[in-house]
Trainee: 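Encoded as structure tokens, here's the structure I'll be asking about.
Just so you know, these numbers come straight off a predicted model, no measurement behind them. One-based numbering, in listed order, for ligands and for the atoms of each.
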Amino acid sequence: MTEREQELIRLAEEEVEKNKKVVESDPYRLRFHLMPPVGLLNDPNGFIQWNGTYHLFYQWMPFKTGHGAKYWGHYSSADLVSWKHEPVALAPSEWFEVNGCYSGSAIEHDGNMVLFYTGNVKDEAGNRETYQCMAVSENGVTFDKKGPVVELPEGYTAHFRDPKVWKKGSEWYMVVGAQSEDLTGKVALLRSADFKEWQHLGAIAGSGMNGLGDFGYMWECPDLFKLDGVDVLIASPQGLESDGMKYQNVYQAGYFIGNLDYENATFEHGDFVELDRGFEFYAPQTTLDEKGRRLMVGWMGVPEQDEDKHPTIAHKWIHALTLPRELKWVDGKLLQVPVEELAKMRQENLVELSDVQLSEDKVGLAMEEGGTFEMNFSFGRDLSSFDLNLGEAAQLTYDASSSVFSLHRKSFVTGEWETRSCKLGAMTELRAFLDTSSIEVFLNGGEEVFTARVFPDVSVAGEVRVSGSGTVEKVQAWEL
Ligand code: FRU
């Protein structure tokens with residue numbers, strides 16, 4: 001490790017110590033989500049299960065609650081439930097990354113953990129350079145930087161970043177988020193026999209490709225993997241216009257189902273589908289774990305979307321990661337299911353009721369005051385409307401006649417209620433995880449998901465009420 005790197009790590013650690021009290025005294029500090037110890041967190045990075053242990057890194061700015069020269073923070077876990085905060089993995093100390101160790105991924109090779117990430121460099125005039133870099137770890141804690149392994153291929157601007165690497169047969173592949181010279185968003189595919197020398201095979205997807213039309217000026221954080229027989233390409237495009245209920249956030253994150261032709265470097269695909277319909281979700285990353293599950297974690301935030309207005313800034317931290325979700329491809333649908341390990345978080349069983357007839361009158365569910373909780377509802381076929389009131393935090397509504405489901409929350413900017421919606425067939429199931437300042441809602445076994453930060457003045461646990469028309473076959477809630 002260079003002296004400069006040691007110094008940067010020391011400064012970050014100092015910042016953590018200095019602000020510990022302020023950060024930890026925030027009532028909005030989450031109880032079961034990963035957060036930065038101070039400063040700003042954004043994308044999940046380097047998600048991997050390595051020698052049995054899960055490792056999840058994150059983009060981290062220790063010195064302020066805004067963006068800048070990012071570090072890689074690091075958490076590890078045996079079970080995806082209890083996480084240990086590890087020492088800083090990467091600090092932006094070298095010439096090829098002075099303006100940030102930007103997003104990237106992890107693989108296992110010869111017993112080592114190998115990270116690929118973007119070295120971000122900007123000169124005084126703001127001109128950008130980008131290097132895809134490698135770092136190797138034998139112990140999963142300290143990383144030996146090997147420097148750039150990919151320079152910018154021709155045809156792209158310096159907005160070329162976020163390498164995701166995987167192995168297929170005896171070769172290595174990398175997708176990179178990119179902007180081509182005509183200023184449109186792309187995903188570039190590269191190949192290597194030894195993961196040190198990379199060949200650029202071309203753009204495989206992007207704005208203006210594969211029948212897509214105009215589709216944004218930059219695509220960030222791509223991920224590509226096989227899932228139950230189909231190839232899934234995830235990307236976070238920037239520059240989409242909102243379109244009815246779709247693309248309501250400043251930037252989007254979604255997927256294409258398709259078929260990657262490794263020989264010809266082409267990817268035929270269907271429509272872009274948003275992964276999450278809530279207010280805060282971006283730059284997700286997946287990994288294949290030792291059980292063969294495809295797991296995904298996202299950033300519970302969106303770049304430039306009122307980031308400077310988050311109430312937690314007063315306590316010197318901002319943003320969190322989502323709960324880990326397992327992806328499944330079932331009957332032509334991509335499902336996102338909270339990983340089964342999360343059941344370990346359940347404490348007291350707060351509610352357990354069967355065959356509840358909903359009515360116009362709001363019925364209170366006795367939830368512990370001050371709690372954070374999980375709620376599961378299953379509905380009868382006769383459900384025609386449903387309204388779940390979570391006090392000041394959020395309201396969830398469903399109307400069978402329009403088949404619209406909505407999440408409403410109080411804006412942390414204006415205090416007015418605001419809404420995100422999607423069309424859903426019959427609603428059969430609703431599962432919600434409520435932390436002190438976040439909500440994640442999974443509908444119909446993960447067919448649609450809504451993630452949002454919520455900042456209620458008081459705990460909502462005492463104010464959970466349901467109304468509607470039809471039958472709740474079962475409702476269960478646990479304190480978490
Ligand atoms: C996405 C992103 C990435 C970049 C990182 C920098 O949120 O802009 O493209 O690598 O964040 O923190």
Trainee: Would you mind running through ligand 1 and noting each atom that sits below 4.0 Å from a heavy atom of S103?
Mentor: 5 (C), 10 (O)

Trainee: Does K168 make a cation-pi contact with Y262 (under 6.0 Å, within 45 degrees of the axis)?
Mentor: yes

Trainee: Taking NZ, NE, NH1 and NH2 as the nitrogens, is one of them in R431 or E374 under 4.0 Å from a carboxylate oxygen of the other?
Mentor: yes

Trainee: Out of all atoms in ligand 1, which are within 4.0 Å of some heavy atom of R161? Include the element for each.
Mentor: 3 (C), 4 (C), 9 (O), 10 (O)

Trainee: When the ring centroid of W83 is compared with that of Y58, is the distance short of 6.0 Å?
Mentor: no

Trainee: Identify the closest protein heavy atom to atom 10 (O) of ligand 1: which residue and atom is it, and at what distance?
Mentor: D162 OD1, 2.5 Å

Trainee: Check each atom of ligand 1 against the heavy atoms of W299 and keep those under 4.0 Å away; list them by number with element.
Mentor: 7 (O)

Trainee: Tell me, please, whether F279 has R409 positioned over its six-membered ring: NZ or CZ under 6.0 Å from the ring centre and within 45 degrees of its axis?
Mentor: yes

Trainee: Return the minimal non-hydrogen interatomic distance between D194 and K196, and the atom names on each side.
Mentor: OD1-N, 2.9 Å

Trainee: Out of curiosity, is T118 lining ligand 1, as in a heavy atom under 4.0 Å away?
Mentor: no

Trainee: Report the nearest protein non-hydrogen atom to atom 8 (O) of ligand 1: residue, atom name, distance rounded to 0.1 Å.
Mentor: E220 OE2, 2.9 Å

Trainee: What residue and atom, counting heavy atoms only, is the protein's closest point to atom 12 (O) of ligand 1, and at what distance?
Mentor: Q59 OE1, 2.7 Å

